[in-house]
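Here's the structure, in structure tokens; my notes come after.
Throughout, protein chains are lettered first and strands after them, A, B, ... in sequence-line order, and every chain is numbered starting at 1. Because the structure is predicted, anything quoted here is derived from the model rather than measured.
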Amino acid sequence: MAWSSNRFTIQKSNLDLFALKSLVLLDFIMKQKIVLFWFRQDLRLLDNPGLSYAAKFGNVLPIYILDDQNSGMQKMGGASRFWLHHSLYSLRASLKGHLSVYQGDPKSVFNDLLNRYEVQGVFWNRCYEPWRIQRDKTLKNYLKSLPIQTRTFNASLLWEPWDIQKKDGKPYTVFSPFYRKGCLKAETPREPLPRVVQLKSVYDPSELGIDSLNLLPNNRWDVQLETHWEIGENAAHNRYQEFIKEGLSNYKEGRNLPATPCVSRLSPYIHFGEISPNYIWHEVQSLGSNKNIDHFCSELGWREFSYSQLYYNPDLPDKNLQSKFDSFPWRKDSKNLRKWQKGITGIPMVDAGMRELWQTGYMHNRSRMIVGSFLVKNLLIHWHHGEQWFWDTLIDADLANNSASWQWTAGCGADAATYFRIFNPVIQGLKLDPEGSYVRKFIPEIASLPNEYLFSPWDAPVEILDKAGIQLGLTYPNPIVDLNQSRDTAQEAFQLLEEVSL
DNA sequence: TGAAATGTTGGGGCG
DNA sequence: ACGCCCCAACATTTC
């Protein structure tokens, strides 16, 4: 049975004659013995437990599968695809060209490979998105039934979600005890493994090739993004070193200032596994212990917390954790949603954040909180819309972090900001971008305003606007809502929610 | 990882 | 010297 389907596969593919002949020959003698290593969110050679394990077996076929079939509504967004495209190229180079790429349902990809090779084992590092857990569980059972040796590893979390629980066996719902009593009291995270060198790798000539995955957009908006990022494992380590040099020593305070280089910007690399949290954790810990290092480590803890929340609440991306929010009267306001997305709300701190996102595929963490608060609380637009926009436009879009953070912002999450915590983008700007350099960078049309009015141009006297060459409503929008009034409205609406649920 | 309103304190100017 | 007022700075309460 395997023989006939083999020939069929070969005829379909466009191999050159030599490769065809040698494969047919192999087919007659014996199928090549290999183990499969399946790359997923772990596109690296350093500290890759699954790959290190596979490497012990000899001939390893390293593969990547783009699976848009099982992901449902959570299909990878545009910015993520851009990143993935380059990350795969980088990984392929590290593997000296031996990365074989496929598309579709992994089960059929595996079946095809099982027909053409004698597969002695299949190994991968675990992912934690509910749809991936579901898919991989089924797949693992299937492979085991054949039987084929299958083994999975942890390469992307410092602590497995099922290892961090309260004494009563329930998951933590508040960050601080989750991190302090849960994570820090649990076993120290695994030490990073050495880089896989001398991998005896195999290449499958009938793989698709990275380009045929069509990960880049047709209208090439990615060209601008590309200027802001180096992508791949080496780039991840360069970014890490840069952060240690430029950002860590003032991390605790500087992390709130969007114009400073104090945040790590490692999130896209971590998401795609170009650098491992274990590597970062142990490197940083080896530098000693102070408030900056501790705070940075706790941010890795926040990531663990997001994954824990998603693991124990698989519908975190769709459903309010606090169900009383189900009845909240969100506004269907596609015009204002569009203005928020494009960064033309007329509120500089919000627009700066949204334009940073659009231009670079990234947004400073503090800006994410400000624009999120604005969308949900000042515009009263459902957090799903923010979640979806971020999902499509962020290069570090991560299901756990994205959904947990939006639930936090909206106030419906587990350890959420209470409803009356509403950011004032003017005050946040004055406090956190005191030089105004963040706003001026992304909103050049108001750059000539003095700092005093930079965050609230509508308050500026006409002569100052004139002098700065600004005509509100023409060169820069009037604010789409009154901050004070919309804040009061929101508080009333959220207050009502509290009362109804009593 | 909020902001505004309200309350408290203490120093300095002044009659 | 003293009481009074003003106000900034800080603390607490409220939404």
Separation of [N] [atom2] from [X] [atom1] (nearest whole Å):
X         : N      : atom1 : atom2 : result
Arg366(A) : dG2(B) : CZ    : C1'   : 9 Å
Ile427(A) : dA3(B) : CD1   : P     : 5 Å
Met349(A) : dA3(B) : CE    : P     : 11 Å
Arg421(A) : dA3(B) : CZ    : P     : 10 Å
Phe423(A) : dT1(B) : CZ    : P     : 10 Å
Asn378(A) : dA3(B) : CG    : P     : 11 Å
Ile422(A) : dT1(B) : CD1   : C1'   : 15 Å
Asp415(A) : dT1(B) : CG    : P     : 12 Å

Does dG2(B) have its OP1 or OP2 closer than 4.0 Å to a side-chain nitrogen or oxygen of Lys431(A)?
no
Please check the phosphate of dT1(B) (OP1 and OP2 only) for any side-chain N or O of Asn256(A) closer than 4.0 Å.
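Checking dT1(B) against Asn256(A), no side-chain N or O comes under 4.0 Å of OP1 or OP2.
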Presence of salt bridge, [Y] and [X], under 4.0 angstrom:
X         : Y         : value
Arg40(A)  : Asp42(A)  : no
Asp294(A) : Lys252(A) : no
Lys377(A) : Glu492(A) : no
Glu242(A) : Arg265(A) : no

Looking at DNA chain B, which of residues 297-309 of chain A put a heavy atom within less than 4.0 Å of it?
Trp302(A)
Among dA3(B), dT1(B), dA4(B), which is the nearest nucleotide to the side chain of Asn484(A)?
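Ranking dA3(B), dT1(B), dA4(B) by closest atom to the Asn484(A) side chain puts dA4(B) first.
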Base, sugar-phosphate or nothing for Lys377(A)? Non-hydrogen atoms, less than 4.0 Å.
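Lys377(A): no heavy atom of the nucleic acid under 4.0 Å.
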Please check this pair: side chain of [X] against backbone of [Y], looking for a donor-acceptor N/O pair closer than 3.5 Å.
X         : Y         : result
Ser373(A) : Ile370(A) : no
Asp351(A) : Gly346(A) : yes
Trp340(A) : Val371(A) : yes

All N/O pairs under 3.5 Å across the protein-nucleotides 8-15 of chain C interface:
none

Beyond-backbone contact of Arg440(A) with Glu435(A), side-chain heavy atoms, under 4.5 angstrom:
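No. Closest side-chain heavy atoms not under 4.5 Å.
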For residues 423-432 of chain A, which side-chain donor-acceptor pairs fall under 3.5 Å, sequence neighbours excluded?
residue, atom, partner, partner atom, Å
Asn424(A), OD1, Val426(A), N, 2.9
Asn424(A), OD1, Ile427(A), N, 3.4
Gln428(A), OE1, Arg366(A), NH1, 2.9

